[in-house]
Amino acid sequence: MRDLDLTTLRLFAAVCDARSIARAAEQANIVGSAVSKRLAQLEDTVGTQLLVRRRRGVEPTPAGESLLEHARTMLASADQIEREMGDYALGVRGQVRILATASVMAESLADDVAGFLQAPAHHDIRISMEERVSPEVIRGIKEGVASVGICWDAADLSGLQSCGYRHDHLAIVAHASHPLAVHETLGFEQTLGYEHVSLPAQSAVQVLLQRAAALQGKAIVHRVIVSNFEAALRVVRANLAISVVPREVADPYARTCGLRVMPLTDGWARRRFAICFRDEAGLSAAARLLVRHLADSSGA
């Protein structure tokens, strides 16, 4: 196995995609016999047949399909290494990828990252962010898709290291003319007789609300399902329904649109977030600096 090389794996993947040694050789700008020789050496190295020759081309055996899956992963990693090393050659000293939930993205993360990048010592660090639901954030960190994740701390963080981040307070947002708008605060049970604007079922907020409604022996009446808080607030502004949105997200919007924001009195409505990673010692220098900055920004 130590004799496996990326060039051969790349040619093997190309042959599997093209279902033809000749076409793969043409794409790679080498002769077909050279590709055939490399494939024969690859089969000898792994000790099993990887391709079946047909009249109109080739197709991978079950072992070939398995190797192809591993090869794609290895080649993707190699491409990522090449890009990152290219960044270093251009003077970029670090690159950090973050997976974060919608609440975190909508509330404070962008400002905190911007504050980090404004420091002169961090000008050569690149940070990319991608929104995902909490289970996908955790899975992405465990699978190495990203080095840093931020999600609700009630999620299953087993197998990961973590530290505290910011917190928020869920609230009911309603049009000023809505019957609930006369209240200063609300219990979630009081809202279950009214139509809601909801997030997708797998989102952390929606899972929490469905559980809370079930404990009351009731169900949430969904009038509209949207993908993000901004869309939910637009629906509320049109007075089509009420919505549960973090107060930190709703307050600025409500001030300009005349909406009522009523914090929920339920204990679960106050949420804390966690920064998670596989192993602090395994983080790059740039990722460690960012994690410390985010934790310090939140006072954690």
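Residue numbers start at 1 and run along the sequence shown.
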Using the rule that two of Ile, Leu, Val, Met, Phe, Trp, Tyr join whenever any of their side-chain heavy atoms come within less than 4.5 Å, decide whether Leu283 and Val113 are in one cluster. yes

Are Val15 and Val52 joined in one hydrophobic group, where the rule is that I, L, V, M, F, W and Y side chains link up if heavy atoms are under 4.5 Å apart? no

Any Asp153 side-chain heavy atom under 4.5 Å of Ser162 side chain: no

Check step by step if side-chain contact (heavy atoms from CB on, under 4.5 Å) holds for Arg247 and Asp168. CA-CA 7 Å; Arg247 184 176 183 177; Asp168 68 7; over 6 Å; no

Using a distance-only test with no angle check, is there a side-chain donor-acceptor pair under 3.5 angstrom linking Arg38 and Thr7? no

Roughly how far apart are Glu43 CD and Leu67 CG, rounded to 0.5 Å? 10.0 Å

Are the side chains of Glu26 and Ser20 in contact, using a 4.5 Å heavy-atom criterion? no

Please find the pair of heavy atoms, one from Leu99 and one from Val137, that lie closest to each other, and give the distance. O-CG1, 3.7 Å

When you compare the side chain of Gln206 with that of Ile220, does any pair of heavy atoms fall below 4.5 Å? yes

Should Val173 and Ile225 be counted in the same cluster of Ile, Leu, Val, Met, Phe, Trp and Tyr side chains packed under 4.5 Å apart? no

Any idea which heavy atoms bring Leu109 and Tyr165 closest together, and the distance? CA-OH, 3.6 Å

Those residues at least two apart in sequence (or on a different chain) that pass ring pair (Phe, Tyr, Trp, His ring centres under 6.0 Å) with His178 are Tyr194

Hey, are Ser177 and His175 close enough side-chain-wise for a donor-acceptor pair under 3.5 Å? yes

For the student: nearest non-hydrogen atoms of Leu68 and Cys16, plus distance: CD2-CB, 3.9 Å

Is it possible for you to say whether Met129 and Phe273 belong to one hydrophobic cluster, with membership spreading through side-chain heavy-atom contacts below 4.5 Å? yes

Backbone N or O of Ala241 within a donor-acceptor pair of the His196 side chain at under 3.5 Å? no

Point-to-point distance, once rounded to the nearest 0.5 Å, from OG of Ser134 to CD1 of Ile150: 11.5 Å

Residues Arg278, Glu143: salt bridge by 4.0 Å N-O rule: no

Check whether Thr61 reaches the backbone of Gln49 with its side chain - one donor and one acceptor, N or O, closer than 3.5 Å. yes

Would you give the length of the straight line joining atom CE of Met74 to atom CG of Asp5, rounded to the nearest 0.5 angstrom? 9.0 Å

Around Arg53, counting heavy atoms of other residues, nucleotides and ligands shown, do more than 12 lie under 6.0 Å from its CZ? yes

Taking atom CD of Glu248 and atom NE2 of His167, what is their separation to the nearest 0.5 Å? 7.5 Å

A side-chain contact here means heavy atoms from C-beta on lying under 4.5 Å apart; do Ile172 and Gln190 qualify? no

CD1 of Ile30 to NZ of Lys37: how many Å apart, nearest 0.5 Å? 12.0 Å

Ala106 and Val249 have their tightest heavy-atom pair at CB-CG2, 3.8 Å

Is a side-chain donor or acceptor of Asp266 paired with a backbone partner of Trp268 at a separation under 3.5 angstrom? no

Are the side chain of Ser66 and the backbone N or O of Pro62 linked by a donor-acceptor pair below 3.5 Å? no

Nearest non-hydrogen partners of Thr101 and Val133, listed with the distance: CG2-C, 4.3 Å

Would you sort out whether Arg97 and Arg126 count as a side-chain contact (heavy atoms from CB on, under 4.5 Å), showing the intermediate values? CA-CA 8 Å; Arg97 187 179 183 194; Arg126 288 184 181 176; over 6 Å; no

Can you find a pair of side-chain heavy atoms, one from Val221 and one from Arg223, that are under 4.5 Å apart? no

Please find the pair of heavy atoms, one from Phe277 and one from Ile141, that lie closest to each other, and give the distance. CA-CG2, 3.8 Å

Reported OG-to-CG distance for the pair Ser284 and Leu290, which is rounded to 0.5 angstrom: 9.0 Å

Side-chain touch Leu157/Cys151, heavy atoms, less than 4.5 angstrom: yes

Stepwise side-chain contact (heavy atoms from CB on, under 4.5 Å) test for Leu50 and Leu39: CA-CA 8 Å; Leu50 300 174; Leu39 294 177; over 6 Å; no

Derivation and outcome, side-chain contact (heavy atoms from CB on, under 4.5 Å), residues Val145 and Arg132: CA-CA 12 Å; Val145 173; Arg132 296 196 181 186; 3.9 Å; yes

Under the rule for ring pair (Phe, Tyr, Trp, His ring centres under 6.0 Å), what residues qualify as partners of Phe116, not counting sequence neighbours? His122, His293

Linking I/L/V/M/F/W/Y whenever their side-chain heavy atoms sit closer than 4.5 Å, directly or via other members, would Leu240 and Leu199 fall into one cluster? yes

Are Phe229 and Ser103 close enough that some pair of their side-chain heavy atoms sits under 4.5 Å apart? yes

Any side-chain heavy atom of Arg19 within less than 4.5 Å of one from Pro60? yes

